[in-house]
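Notes for the one structure printed next.
Note that the structure is a prediction, hence the values are computed from the model and not measured. Numbers for residues simply follow the sequence, beginning at 1. Whatever order the structure lists ligands and atoms in, that order sets their numbers, starting from 1.
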Amino acid sequence: MQIARNRLEELERYLSTPQRIVILSHTNPDGDALGSSLAWAEILEKRGHKVTCILPNKYPYYLDFMPGCESVVIYKSDNKGRASEAVKSASLIFCLDFHTMSRLDGLSDLIDENQQTKRILIDHHLDPSEDFDLMLSYPQASSTCYLVALIIEQLYGVENISSSMAENIFVGMMTDTGNFAFSSVTPDVFRMVSILAATGISIPDIHNNVYNSFTEGRARLFGYVINRKMKIFHNGSVAHMSLTADELRRFWFQQGDSEGFVNYPLTIKKMKLSAMFTEHTDFIRVSLRSRADIDVNIFAQRYFNGGGHKNAAGGKSFMTMEETLKHFEKSIKEYAAEGRL
Ligand code: 5GP
Ligand code: MN
């Protein structure tokens, strides 16, 4: 894959003199959000820019090992002044791994107050909004980390990818592709992995850090939700699972503990679509996954105020859990009646 030459030239113009840069990524940051932010921050700092990474809320505990993550400003828990100062004095804002400002939750108000600052998007979600001055939007790319690697390659050359940048980029490429298993994976993704591996990173260590570093509570919560809460319907082709705030407390829930659960029902042969509902303080978080040609991006947009990718999307519900599950089942019927399932 190649990043369009004219876009790169425009990007180069923005970066031709030292800038004060803010890098933003989405609420409930995952490996791709954090990895792309950290790698992009490192190369920009090396090129002489001043960079602050800001996230709307904290990344999950098992991403704590990612190089440079301790310097990220967490808008929700750090003093908001630090984020506000960085945004106000920024000459350039990069938006990584999200496609609409609403994915920033409360942090979007702060960005709205600084309309005059140029915004550059680097992202792989479908249907980006019009909020950006320069868009490097590539929905066919398997991760934003892969895009960041391509941009670095085309602007500065791969010899400028350090091992810490490679580690961060690899995390996002690995997690957003289900370990290089999704249909978004191309031969060029493996070419890039080979470049990253050559920097000396330990792929087994990264894998262990991401996938084998959970709490006991998460393992028990997983057993509980699959055994007791998974409902299969629509001739065995749709599954939903839900966790209330009370159930989460019983398993000493920490943010990130339920990440990935939604994929599990799709290990069942006939399964086409899986949904996970997790209760938060003000809303229910909706996670959707689907197989092949079933489109959960449209489903999430239409029924759950959300979006994402064709086979992985999310959204929110502001109803009770019971009403949300009813709404889901009804929506599935409607979707199926249109021949979309
Ligand atoms: P996850 O289920 O892992 O939270 O999210 C899957 C995909 O859906 C991600 O690419 C994510 O960016 C997108 N997504 C999750 N929640 C929302 C949401 O509330 N709104 C939108 N537009 N996209 C979401
Ligand atoms: Mn991503």
Side-chain angles (χ1 to χ4, degrees), residues 23-40 55-57 59-60 63 95-108 121-129 131 136-150 168-178 180 182 184-185 189 210 239-243 255-266 273-280 282-290 295-318 324 328:
I23 298 177
L24 303 171
S25 197
H26 61 80
T27 307
N28 297 326
D30 55 12
D32 194 29
L34 185 59
S36 58
S37 298
L38 293 173
W40 190 231
L55 290 169
N57 65 343
Y59 46 84
L63 297 180
C95 300
L96 267 57
D97 199 37
F98 66 98
H99 61 314
T100 157
M101 289 297 171
S102 65
R103 293 281 285 139
L104 294 177
D105 285 344
L107 182 53
S108 63
L121 177 78
I122 303 177
D123 179 50
H124 69 133
H125 290 87
L126 292 159
D127 313 314
S129 68
D131 293 322
L136 292 105
S137 164
Y138 293 87
Q140 74 275 31
S142 56
S143 64
T144 300
C145 276
Y146 170 55
L147 287 176
V148 164
L150 289 175
N168 284 320
I169 290 167
F170 186 81
V171 169
M173 288 181 69
M174 174 181 79
T175 52
D176 260 32
T177 57
F180 306 99
F182 295 164
S184 54
V185 173
V189 164
V210 175
H240 70 63
M241 301 182 288
S242 62
L243 287 167
Q255 194 208 325
D257 270 352
S258 60
E259 227 54 49
F261 287 5
V262 64
N263 296 306
Y264 204 76
L266 286 172
L273 190 154
S274 165
M276 172 86 198
F277 300 91
T278 317
E279 189 173 274
H280 288 230
D282 309 316
F283 60 90
I284 290 170
R285 181 174 160 210
V286 183
S287 256
L288 299 158
R289 297 292 185 273
S290 63
D295 193 326
V296 283
N297 172 49
I298 294 174
F299 187 87
Q301 281 176 16
R302 206 197 271 180
Y303 301 109
F304 289 102
N305 321 296
H309 312 281
K310 188 176 171 193
N311 296 132
K316 284 176 180 171
S317 161
F318 299 94
T324 301
F328 175 69

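Closest protein heavy atom to atom 15 (C) of ligand 1: G314 CA, 3.4 Å. At the top of the distance list for atom 9 (C) of ligand 1, counting protein heavy atoms only, stands H125 NE2, 3.9 Å. Of the protein's non-hydrogen atoms, A312 O, 3.4 Å is the one closest to atom 7 (C) of ligand 1. Summary of contacts: the protein heavy atom closest to atom 23 (N) of ligand 1 is G307 O, 3.2 Å. The closest protein non-hydrogen atom to atom 19 (O) of ligand 1 is G315 CA, 3.5 Å. Atom 11 (C) of ligand 1 has its closest protein heavy atom at R103 NH2, 3.4 Å.
Annotation for ligand 1: atoms under 4.0 Å from non-hydrogen atoms of R285 are 1 (P), 4 (O). Listed by number with element, the atoms of ligand 1 under 4.0 angstrom from any heavy atom of H99 are 22 (N). Of all the atoms in ligand 1, the ones that sit under 4.0 Å from a non-hydrogen atom of S287 are 1 (P), 2 (O), 4 (O).
The pair K316-D105 meets the salt-bridge criterion, since a charged nitrogen lies less than 4.0 angstrom from a carboxylate oxygen.
Between the CG atom in N168 and the CG atom in L34 there is a gap of 6.5 Å [rounded to 0.5 Å]. For the atom pair M101 CE and S108 OG, the distance stands at 8.5 Å (nearest 0.5 Å).
Of all N, O or S atoms in D32, the one lying closest to the Mn ion (ligand 2) is OD2.
Considering backbone and side-chain N/O of H26, none are found under 3.5 Å from N/O of ligand 1.
Judged by distance alone, the side chain of D123 and the main-chain N or O of F98 form a donor-acceptor pair under 3.5 Å. Under the 3.5 Å distance criterion, the side-chain polar atoms of D32 are matched with a main-chain donor or acceptor of T144.
None of the N, O or S atoms belonging to C145 lies under 2.8 Å away from the Mn ion (ligand 2).
If you check each of H309, R289, K316 against atom 5 (O) of ligand 1, the one with the closest non-hydrogen atom is R289.
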Start with the C-alpha distance between T324 and S317, add both sets of side-chain angles, then the distance that settles side chain to side chain donor-acceptor pair (under 3.5 Å), and finish with yes or no. CA-CA 7 Å; T324 301; S317 161; 2.7 Å; yes

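The residue from H99, H26, H309 that alone fulfils the side-chain hydrogen bond (donor to acceptor under 3.5 Å, both in side chains) condition with H125 is H309.
Taking the six-membered ring for Trp and thresholds of 30 and 60 degrees, F328 and F299 have ring planes more than 60 degrees apart, a perpendicular arrangement.
Take the Mn ion (ligand 2) as the corner point: the lines to OD2 of D176 and to OD1 of D97 open at 170°, to the nearest 10 degrees.
Contact record, P128 with L121: CB-CD2, 3.9 Å, taken as the closest heavy-atom pair.
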